[in-house]
Each structure stands twice: as structure tokens, then as C-alpha cells.
Amino acid sequence: MWIMVSGPYSSGGADQQRRQANLDAMNRVALEIFRKGHIPIIGVNMALPMIEVAGDDMYDEIMMPVSLALIERCDACLRIGGPSKGADEEADSFSSRGLPVYSDVSEVPDA
């Protein structure tokens, strides 16, 4: 399966250090998903290189549209971390389509 990892990135006005810690947490879980035989997808990892080129003022125009577009290609979601409007929106999109939303990597079946 292609599994989207959804978690907080910039929630609550996170500073650069907190954003990096949030991204690191998503990437650590992504590695665990990969080791279970699946393909992990993180919207932030897809959007950040474009934002870097376009400039930070394009953050809102790029971040969520890229993440939400990726949902259409994924089979399930792993929602991690604390409060996040964007991550909740991603997870809700999977739920509304009847696709699995896991809350812990241990719930993800081996491929």
C-alpha cells in the first residue's frame, strides 16, 4: 500500500526547530512503514522543495494543495502527533472515502 503519514508540521506557529522535529517524527514513522513493505508518502516532503524555490510567501498556496492531491494516490493514512488542522483534514479525507486511517504504526499490517 501507499500510506500517507499525516502529522503536525507548522501547527501552533511552530518555529523552525519545532517544524524540523515534527518532520523528523513523520520521517521516522515513514521508515517503519517502509520496513513493513509499504510506500510511505509525506506531503510536507513533496511540498517543501517547491516552497523553497518559490519562496516562503507561497507556503499556503503550495503546502496543503500538494498534500491533498497526494491523498488521491494513497491507499491509507497514518495520523501521528498532536493537534493539526491540516493533518486532520488529510485523515478525514481518507475516512470519508472509506479508507483506513491508522493511529499507530503497529496498526499497519505487514505487506
Side-chain angles (χ1 to χ4, degrees):
M1 287 190 291
W2 283 35
I3 301 177
M4 177 170 270
V5 178
S6 297
Y9 175 65
S10 60
S11 296
D15 61 15
Q16 182 58 37
Q17 184 177 1
R18 184 73 218 148
R19 286 191 303 267
Q20 187 61 53
N22 289 338
L23 184 56
D24 290 346
M26 286 188 274
N27 282 314
R28 277 191 298 276
V29 169
L31 179 58
E32 292 182 56
I33 290 170
F34 180 76
R35 287 180 173 156
K36 286 179 166 264
H38 303 288
I39 301 298
I41 303 294
I42 301 173
V44 176
N45 283 342
M46 297 292 284
L48 283 179
M50 288 185 282
I51 293 168
E52 185 176 314
V53 170
D56 286 339
D57 58 323
M58 297 295 291
Y59 181 92
D60 290 334
E61 190 173 329
I62 296 172
M63 183 59 76
M64 283 312 294
V66 167
S67 290
L68 294 174
L70 288 169
I71 289 170
E72 300 301 318
R73 305 286 189 218
C74 294
D75 306 300
C77 177
L78 174 60
R79 172 63 168 93
I80 67 165
S84 169
K85 180 182 173 193
D88 289 342
E89 189 175 342
E90 291 168 353
D92 290 346
S93 181
F94 282 92
S95 292
S96 71
R97 292 174 40 222
L99 296 173
V101 176
Y102 305 110
S103 59
D104 189 272
V105 73
S106 66
E107 299 172 356
V108 175
D110 291 337

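- A single hydrophobic cluster is seen to contain both M26 and W2, as judged by linkage of ILVMFWY side chains at heavy-atom distances under 4.5 Å, directly or through other members.
- Residues C74 and I41 have side chains in contact (heavy-atom distance under 4.5 Å, counting atoms from C-beta outward).
- For residues 5-21, no pair satisfies salt bridge (Lys or Arg N to Asp or Glu O under 4.0 Å), with sequence neighbours left out.
- Every residue meeting the salt bridge (Lys or Arg N to Asp or Glu O under 4.0 Å) condition with D88, not counting sequence neighbours, appears here in chain and number order: R79.
- Across all non-hydrogen atoms, the minimal contact from F34 to P40 is CB-CD, 4.1 Å.
- Taking every heavy atom of both residues into account, P8 and P83 meet most closely at CB-O, 3.7 Å.
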Output a table of donor-acceptor pairs, distance under 3.5 Å, between side-chain atoms of residues 101-111 and any protein atom two or more places apart or on a different chain; print 'none' if there are none.
unit_1 : atom_1 : unit_2 : atom_2 : d
S103   : OG     : E107   : OE2    : 3.0
D104   : OD1    : S106   : N      : 2.8
D104   : OD1    : S106   : OG     : 2.6
E107   : OE1    : S103   : N      : 2.8

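- Within 6.0 Å of CG in D56 there are 12 or fewer heavy atoms belonging to other residues, nucleotides or ligands.
- Of the possible polar contacts, none joining the S84 side chain to the S11 backbone as a donor-acceptor pair under 3.5 Å is found.
- Residues L48 and Y9 form a side-chain contact, since some pair of their non-hydrogen atoms from C-beta on lies under 4.5 Å apart.
- Applying the side chain to side chain contact (heavy atoms under 4.5 Å, CB included) rule to N27 yields the partners L23, I42, N45; only residues at least two apart in sequence or on another chain are considered.
- Taking a 6.0 Å sphere around CD of E52, one finds it holds 12 or fewer heavy atoms contributed by other residues, nucleotides or ligands.
- Side chain of H38 to main chain of M1: a donor-acceptor pair is present (N/O by atom type, distance under 3.5 Å, no hydrogens or angles).
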Which pairs of donor and acceptor atoms, one on a side chain in residues 57-71, lie under 3.5 Å apart (sequence neighbours left out)?
unit_1 : atom_1 : unit_2 : atom_2 : d
Y59    : OH     : S10    : OG     : 3.0
S67    : OG     : M63    : O      : 3.3
S67    : OG     : E90    : OE2    : 3.3

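- No side-chain heavy atom of I39 sits under 4.5 Å from any side-chain heavy atom of I3.
- Here the straight-line distance linking atom CG of L78 with atom CD1 of I80 works out to 6.5 Å at 0.5 Å rounding.
- Across every non-hydrogen atom of C77 and A91, the tightest pair is SG-CA, 4.0 Å.
- Pairs engaging residues 65-76 under the salt bridge (Lys or Arg N to Asp or Glu O under 4.0 Å) rule: none recorded [sequence neighbours left out].
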